[in-house]
Amino acid sequence: MADTPDINKVETEDDYTHVRFRDPDRYDEIRTPDWAEQPAESVSEGSEVRTGKVEGEDDWEVTSVLIDEHVDEDKAKEQAREIVDKIES
């Protein structure tokens, strides 16, 4: 089981707390995949997961998690880690 990546940056924007785990600049492509909705919603209602594909590789990694603004920043970080654990375990 992979270790959960460290939180790189946390920003509050619009209706979300954006918890970034990996630098988006290292990815060729970034998506919000449908399959990630269930694990994300099971932890925090209204949350979204963004995944990135490293150029020249087939693997997708979680780049960030957007947590709905109904929780505070500390709770958002905790929930984002839990979502990444579910997806990457």
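Both Ile7 and Val62 are part of a single hydrophobic cluster, where members link through side-chain heavy atoms under 4.5 Å apart. Hydrophobic cluster membership differs between Trp60 and Ile83, with clusters built from Ile, Leu, Val, Met, Phe, Trp and Tyr side chains linked at under 4.5 angstrom.
Atom CD of Glu55 sits in a sparse spot, with 12 or fewer heavy atoms from other residues, nucleotides or ligands closer than 6.0 Å. Dense packing is recorded around CG of Asp28, with more than 12 heavy atoms of other residues, nucleotides or ligands lying under 6.0 Å away.
Ionic pairing of Glu78 and Lys75 is present here: one or more N-O contacts between side-chain nitrogen and carboxylate oxygen are shorter than 4.0 angstrom. Salt bridge annotation for Glu37-Lys86: absent, with no cationic side-chain nitrogen under 4.0 angstrom from a carboxylate oxygen.
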Tabulate below the donor-acceptor pairs under 3.5 Å that side-chain atoms of residues 43-54 make, not counting sequence neighbours, or state none.
residue : atom : partner : partner atom : Å
Ser44   : OG   : Gln79   : OE1          : 2.8
Ser47   : OG   : Ala40   : O            : 3.0
Ser47   : OG   : Ser44   : O            : 2.7
Glu48   : OE2  : Tyr16   : OH           : 3.4
Lys53   : NZ   : Glu57   : O            : 2.8

(request) Using the side-chain contact (heavy atoms from CB on, under 4.5 Å) rule, take Val10 and Lys77 through it: C-alpha gap first, then chi angles, then the decisive distance, then the call. (result) CA-CA 8 Å; Val10 178; Lys77 290 193 279 191; 3.6 Å; yes
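Atom OG1 of Thr17 sits about 7.5 Å away from atom CD1 of Ile67, to the nearest 0.5 Å. Here the OG1 atom belonging to Thr63 is positioned 10.0 Å from the CZ atom belonging to Phe21, to the nearest 0.5 angstrom. Atom CG of residue Asn8 and atom CZ of residue Arg20 lie 7.0 Å apart, to the nearest 0.5 angstrom.
Pairing each heavy atom of Val19 with each of Ala76, the nearest pair is CG2-O, 4.0 Å. Smallest separation of non-hydrogen atoms from Tyr27 and Arg22: OH-CD, 2.9 Å. Pro39 and Ser42 make their closest contact through O-OG, 2.8 Å (heavy atoms, listed as atom of the first residue, atom of the second, distance).
A side chain to side chain donor-acceptor pair (under 3.5 Å) with Ser64 is found for exactly one of Glu11, Lys9, His18, namely His18.
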